[in-house]
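Only this structure's heavy atoms are used, side chains among them; waters, hydrogens and symmetry mates stay out. Note that the coordinates shown come from a computational prediction; the quantities given were computed from them, not determined experimentally.
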Amino acid sequence: MSTFQLDTSTSRAHPTPQPMRRLTVPAIRKRKQDGVTAEPIVMLTAYTARQAQLLDAHCDVLLVGDSLGQVIYGLESTVPVTQEMMANHTAAVVRGSYHAVVVVDMPFGSYEASPAQAFESASYLLKASGAAAVKLEGGEAMAETVEFLIKRGIPVMGHVGLTPQAVNVLGGYGARGRGDVEAGKIISDARSLANAGAFAIVVEGVVEPLAVEVTKAVPCPVIGIGGSAQCDGQVLVTDDMLGMFERVPRFVKRYDDLASRISAAAEAYAAEVKARTFPGEAQTYQPG
């Protein structure tokens with residue numbers, strides 16, 4: 001386990017194997033200069049301290065996504081996720097990381113009513129967790145809220161295209177932007193968020209030419225998930241990427257089959273327990 005070392009410049013304890021300065025929101029924003037991102041932004045989801053420890057060195061951004069509703073809690077969608085769920089898991093991720101910018105999703109119902117409601121919710125999440133920024137879904141309709149938050153010291157990451165919190169309106173998780181009207185709306189949404197001051201924008205589940213067009217249309221980094229390799233960065237749900245589920249979206253690449261390996265390890269453990277070969281001498285305390 002990592003040891004906590006006190007950073008006397010900030011009076012914060014960081015669980016770090018070696019001290020280093022955490023990336024910042026402005027540093028992520030500056031990755032894109034004059035429409036070009038020379039070094040793509042690496043982003044994955046994280047929900048626990050240990051997961052954050054394992055991912056942190058490889059990521060620029062750790063997103064505590066409301067996808068934890070399905071991944072951790074077995075819910076059918078992200079809609080039932082609460083502020084308390086997000087705050088608790090984000091605090092764990094902050095404790096388990098020292099390098100990446102930690103961004104927390106604002107759950108459904110916590111920001112849509114008004115900019116004032118969004119500020120109350122976002123300030124609670126940041127104070128309770130130590131995260132550096134919030135992410136919220138929606139385009140032009142949320143631009144006023146994004147600007148309101150940023151002017152009050154809360155960095156915001158936007159999210160356009162397929163927006164999972166709106167699944168009941170969208171009617172499912174299919175790819176967006178196949179028609180000209182919808183594609184134009186998604187580009188307009190991204191521009192509205194960028195103009196409002198979003199430091200980055202996630203574009204999810206859109207046809208590839210549209211993802212490329214959105215990336216070119218805004219000055220801030222565009223992070224794709226089901227978009228294009230030409231986006232300024234990429235994000236995946238870590239559990240999908242690791243092969244923890246049998247069914248995953250088309251845009252997910254499995255980099256491991258962790259579910260099968262966990263099942264095999266549990267099977268081996270069960271067999272040794274039943275055979276009374278575990279625990280052995282190496283796992284027991286002997287007299288003398």
Side-chain angles (χ1 to χ4, degrees), residues 43-52 55 62-93 102-113 117-118 121-122 124-125 128-129 131 134-139 141-142 145 157-178 182 186 189 201-207 223-227 234-260 262-263 266:
M43 180 167 155
L44 284 169
T45 62
Y47 313 112
T48 67
R50 183 56 179 155
Q51 192 176 42
L55 301 175
L62 290 176
L63 172 67
V64 187
D66 58 0
S67 49
L68 63 80
Q70 292 114 314
V71 174
I72 302 295
Y73 292 95
L75 300 172
E76 291 187 0
S77 73
T78 62
V79 172
V81 171
T82 67
Q83 286 272 86
E84 289 73 22
M85 288 178 184
M86 297 308 304
N88 290 337
H89 285 275
T90 305
V93 169
V102 178
V103 178
V104 54
D105 262 342
M106 298 187 69
F108 177 74
S110 69
Y111 61 93
E112 296 90 340
Q117 182 209 26
S121 298
Y124 163 76
L125 287 173
S129 71
V134 299
K135 181 172 79 65
L136 54 78
E137 295 182 8
M142 287 293 110
T145 294
M157 177 180 286
H159 187 149
V160 300
L162 173 60
T163 48
Q165 291 179 6
V167 63
N168 291 323
V169 173
L170 297 176
Y173 296 98
R176 317 308 302 180
R178 294 189 182 278
E182 187 176 51
I186 291 171
D189 283 341
I201 300 171
V202 170
V203 59
E204 178 174 358
V206 303
V207 293
I223 300 172
I225 176 169
Q234 302 295 326
V235 61
L236 283 176
V237 172
T238 297
D239 296 72
D240 288 343
M241 181 268 289
L242 291 177
M244 288 293 287
F245 298 103
E246 293 180 5
R247 297 182 63 183
V248 295
R250 172 189 173 89
F251 54 76
V252 172
K253 179 178 178 179
R254 288 188 176 191
Y255 288 83
D256 204 335
D257 185 13
L258 201 55
S260 293
I262 291 173
S263 180

Would you say the side-chain atoms of Ser129 pair up with the backbone N or O of Ala87, donor to acceptor, closer than 3.5 Å?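 Looks like no, no N/O pair under 3.5 Å.
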Is it true that a side-chain atom of Gln117 and a backbone atom of Glu112 form a donor plus acceptor pair closer than 3.5 Å?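 Yes; judged by distance alone, with no hydrogens or angles, the pair exists.
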Close side-chain approach of [X] and [Y], heavy atoms under 4.5 Å:
X      : Y      : value
Ile223 : Met157 : yes
Thr45  : Met241 : no
Asp239 : Tyr47  : yes
Leu44  : Leu236 : yes
Ile72  : Met85  : no
Val93  : Gln51  : no
Leu136 : His159 : no
Tyr255 : Thr238 : no

What are the two closest non-hydrogen atoms of [X] and [Y], and how far apart are they?
X      : Y      : result
Val104 : Ala131 : CG1-CB, 4.0 Å
Pro80  : Leu75  : CB-CD1, 3.9 Å
Leu62  : Ala46  : CD2-CB, 4.3 Å
Ala91  : Ala128 : CB-O, 3.9 Å
Met106 : Ser121 : CE-CB, 3.6 Å
Val160 : Gly138 : CG1-O, 4.4 Å

Let's go through Phe251 and Ile225 carefully: what are the C-alpha distance in whole Å and the side-chain angles of both, what is the deciding distance for side-chain contact (heavy atoms from CB on, under 4.5 Å) to 0.1 Å, and is it a yes or a no? CA-CA 7 Å; Phe251 54 76; Ile225 176 169; 3.3 Å; yes
Separation between [atom1] of [X] and [atom2] of [Y], rounded to the nearest 0.5 Å:
X      : Y      : atom1 : atom2 : value
Leu55  : Leu63  : CG    : CG    : 11.5 Å
Phe108 : Glu137 : CZ    : CD    : 10.0 Å
Asp240 : Arg247 : CG    : CZ    : 12.5 Å
Gln83  : Thr90  : CD    : OG1   : 10.0 Å
Met43  : Gln234 : CE    : CD    : 10.5 Å

Run the numbers on Met86 and Leu68 for side-chain contact (heavy atoms from CB on, under 4.5 Å), then give the verdict. CA-CA 8 Å; Met86 297 308 304; Leu68 63 80; 3.7 Å; yes
Only counting residues at least two apart or in another chain, list the ones meeting ring pair (Phe, Tyr, Trp, His ring centres under 6.0 Å) with Tyr73.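 Residues passing ring pair (Phe, Tyr, Trp, His ring centres under 6.0 Å) with Tyr73: His89.
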Set of salt bridge (charged side-chain N to carboxylate O under 4.0 Å, His left out) partners for Asp256, sequence neighbours left out: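 Partners of Asp256 under the salt bridge (charged side-chain N to carboxylate O under 4.0 Å, His left out) test: Arg261.
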